[in-house]
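Everything numeric in this text was worked out from a predicted model, so none of it was measured.
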Amino acid sequence: MTAYILKTVTSLVVLLFLVAGFYFQMEIRRRYPGFDPTLWFTGVLFFAGMIFAVMDRNLIIAFIVITVTVAIPLLKQWVVDYWPY
């Protein structure tokens, strides 16, 4: 039962971090000009995925999270380069 509560709380905290990073993007950039929302998203995704992998004691989840975390900036760059707005 406690694992479900920890997973729920972790999920809510991750969701709040993601929303805060995208909603307050301009305010964050004013104070930290190097802020990148894509790196923010991948960082939050990585830490949340690692927390879930440790809680479930599952290496497959950890490898999937690492792969997705590495792939997201590459996919974003590919979309920006090859798919004009």
Which pairs, with at least one residue in residues 57-67 and sequence neighbours excluded, count as a salt bridge (charged side-chain N to carboxylate O under 4.0 Å, His left out)?
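Listed once each, the pairs would be none.
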
Approximate separation, where rounding is to 0.5 Å, of Leu16 CG and Tyr23 OH:
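Leu16 CG to Tyr23 OH: 14.0 Å, rounded to 0.5 Å.
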
Calculate, to the nearest 0.5 Å, the distance between atoms CG and CD1 belonging to Leu39 and Ile72 respectively.
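These two atoms lie 10.5 Å from each other.
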
Could you tell me if the side chain of Thr38 sits less than 4.5 Å from the side chain of Gln77, heavy atoms only?
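Result no, sub-4.5 Å side-chain heavy-atom pair not found.
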
Would you say the side chain of Thr10 lies within less than 4.5 Å of the side chain of Met55, judging by non-hydrogen atoms?
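The answer is yes; the side chains approach within 4.5 Å.
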
Does [X] belong to the same Ile/Leu/Val/Met/Phe/Trp/Tyr cluster as [Y], with side-chain heavy atoms less than 4.5 Å apart forming each link?
X     : Y     : value
Val14 : Ile5  : yes
Met50 : Phe17 : no
Phe52 : Val54 : no
Phe41 : Phe24 : yes
Leu18 : Val68 : yes

Return the minimal non-hydrogen interatomic distance between Ile61 and Gly49, and the atom names on each side.
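Looks like CG2-O, 4.2 Å.
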
Counting N and O atoms only, with roles assigned by atom type, does the side chain of Asn58 sit under 3.5 Å from a partner on the main chain of Ile60, one being a donor and the other an acceptor?
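Looks like yes, one N/O pair under 3.5 Å.
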
Phe35: which residues meet the side-chain contact (heavy atoms from CB on, under 4.5 Å) condition with it, sequence neighbours left out?
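Result, side-chain contact (heavy atoms from CB on, under 4.5 Å) vs Phe35: Gln25, Ile28, Arg29, Pro37, Trp40.
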
Counting only heavy atoms not in Phe63 (residues, nucleotides, ligands), do more than 12 fall under 6.0 Å from its CZ?
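No, the 6.0 Å shell around CZ holds no more than 12 heavy atoms from other groups.
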
